[in-house]
Amino acid sequence: MRISITARLALLAVLLSLITSLALAALIWQQTHDDAIEALRRDTVQQTDAFVAVYRSGGVAALAKAISDAEADDDSVVAAVVDARGVRLLGVGPDRLAFAPAAEAFRIAALGTGEDWGREAGVAVRPLGRDWLVSGRLLDDWERAQRTIERALLLAVLLSIVLGVGGGLVLTRYVTRRIDRIAGAVDAVAAGDLGRRIGTEGGGGDAFDRLSQRIDGMLDRIDRLMAELRIVTDSIAHDLRSPIARLRARAEAAVTATQPQQRDAALAGLIAETELVMRMLAVLLEISRSEAVPRDALVPFDPAALVEEIADLYAPVAEDAGLRFRVALPPVPVAPLAMHRELLSQALANLIDNAMRHAGQGGEISLSLTVEPGALHFSVADRGPGIPADDRAQALARFGRLDQARSLPGAGLGLALVESVARLHGGRLELGDNAPGLVATIVVPV
């Protein structure tokens, strides 16, 4: 028979409460039992020593009077002088001991038979010449106290069971409510409500709140990816329409051309349009790849060495384009940092390509690595027209192209790829004003 999680939690709470109560009750009972026995042993030894001292100072008559006085004060007192066979000669006790007398510091046993002396007593046995002194107390009062303690402990155990059941019900109700809240949000998202979130309760510090925050973070990412997917789908449908239409027109022109020169021109245009479409698809694949890279694929390497390699690769290209290319590195060595070398290189290359297209002839491009508190900044700056602050969000969007860039070749995916690579490293892409020009910075937390 399967038991629901609610019933399991309730039973667990009851079981824990029962085990705790039983362990505590056993500890208390054992402690009180040991303390009571120790107190009885101590009183018995003191009483026996006192009777022995009386006997030695006053003889049998003085001992008999001391026993009589003790019996008058406490009816649980046992004090008798017996012979070697255990027959009582004087004092309070059974007519004959149930055991042979022998020197004992303390023992618990039934002294005789019958209703009066068949009960247990704690006694000490000391020699008095040829006879023996048996001194101690009956355990009636001690046993009554023990029964009272046991009844109190049993009542405490029963009360703990009741409280455990109540606590288990409260616990299961709380857990079930929190789990139902999480499940409700997940079901709503699965049904298409991507805006549904779990939220937190109170201070947001317990395990359920931490789980809710992580699930909400995951749902935020899913919502963002779905929004980007819709944008990509719409943008692909819109932006590929023109290249495909031009491809069709070029192909028709090549088919219908009567002159070799016209056919060659049409085929050249067909190839150019095909390369544009292939570049768009390749960049989309790179973006998807960067978003699918696991965190354990990042390996430590020297970021300054990466910047130097990219600078060595692009400096001649910039010079051929009539641009000044500057590199700035930190004055002190930078510790290796876990990164994806290939994707980060591609991101910096995209930023440099953008700067070369927009910097203009005779401009300047700078590639720099700076160390800030808690982060590394990979920056590419140019002296071109820059991007107004109001248009930077559009520039970061996939297929986002500003009006001044629509006359230039491209698909509007370069900065989107860079931002995706920055997110892979737990960082971000920042666009700033280079006065004049644009400075694009990949911020990677250390």
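The analysis underlying the following values was restricted to heavy atoms, covering all of them including side chains, and did not include hydrogens, waters or symmetry mates.
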Please list every donor-acceptor pair under 3.5 Å in which a side-chain atom of residues 121-134 meets a protein atom from a residue at least two apart or in another chain.
residue : atom : partner : partner atom : Å
Arg126  : NH1  : Asp49   : OD1          : 2.8
Arg126  : NH2  : Asp49   : OD1          : 2.8

Reported [atom1]-to-[atom2] distance for the pair [X] and [Y], which is rounded to 0.5 angstrom:
X: Arg326; Y: Ile365; atom1: CZ; atom2: CD1; result: 12.0 Å
X: His340; Y: Ser345; atom1: NE2; atom2: OG; result: 10.0 Å
X: Leu344; Y: Gln346; atom1: CG; atom2: CD; result: 10.5 Å
X: Arg41; Y: Gln46; atom1: CZ; atom2: CD; result: 9.5 Å
X: Arg196; Y: Asp187; atom1: CZ; atom2: CG; result: 9.0 Å
X: Leu154; Y: Leu159; atom1: CG; atom2: CG; result: 11.0 Å

Quick one: does any side-chain atom of Asn434 pair with a main-chain N or O of Asp382 as donor and acceptor, under 3.5 Å?
yes
Quick check against the 3.5 Å criterion: does Thr44 have a side-chain atom that pairs as donor or acceptor with the backbone of Leu40?
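Looks like yes, one N/O pair under 3.5 Å.
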Please report the shortest heavy-atom distance between [X] and [Y], naming the atom on each side.
X: Pro101; Y: Asp83; answer: CG-O, 3.6 Å
X: Ile67; Y: Ala79; answer: CG2-O, 3.5 Å
X: Ala440; Y: Leu431; answer: CB-CD2, 3.8 Å
X: Phe51; Y: Ala70; answer: CZ-CB, 4.0 Å

Step through the shown structure and confirm whether more than 12 heavy atoms of other residues, nucleotides or ligands are within 6.0 Å of CZ on Arg177.
yes
Can you tell if the side chain of [X] reaches within under 4.5 Å of the side chain of [Y], non-hydrogen atoms only?
X: Thr441; Y: Leu429; answer: no
X: Asn354; Y: Val418; answer: no
X: Tyr55; Y: Val60; answer: yes
X: Gln47; Y: Val77; answer: yes
X: Val421; Y: Ile442; answer: no
X: Phe378; Y: Leu367; answer: no
X: Phe325; Y: Val317; answer: no

Residues forming a salt bridge (Lys or Arg N to Asp or Glu O under 4.0 Å) with [X], sequence neighbours excluded:
X: Arg214; value: none
X: Glu104; value: Arg107
X: Asp220; value: Arg197

Checking Lys65 against Asp69 for the salt bridge (Lys or Arg N to Asp or Glu O under 4.0 Å) test, could you report, in this order, the C-alpha distance in whole Å, the side-chain angles of both residues, the deciding distance, and whether it holds?
CA-CA 6 Å; Lys65 183 177 185 310; Asp69 293 340; 3.1 Å; yes
Go through the steps to decide whether Leu337 and His425 satisfy the test side chain to side chain contact (heavy atoms under 4.5 Å, CB included), and finish with yes or no.
CA-CA 10 Å; Leu337 188 63; His425 293 83; over 6 Å; no
Could you pull out all residues at least two apart from Asp95 that satisfy side chain to side chain donor-acceptor pair (under 3.5 Å)?
Arg88
Could you give the side-chain donor-acceptor pairs of residues 302-314 under 3.5 Å, partners two or more places apart or in another chain?
residue : atom : partner : partner atom : Å
Asp302  : OD1  : Ala304  : N            : 3.1
Glu309  : OE1  : Arg341  : NH2          : 2.9
Glu309  : OE2  : Arg341  : NH2          : 2.7

Decide yes or no on side chain to side chain contact (heavy atoms under 4.5 Å, CB included) for Val439 and His377, but give the supporting numbers first.
CA-CA 11 Å; Val439 55; His377 287 201; over 6 Å; no
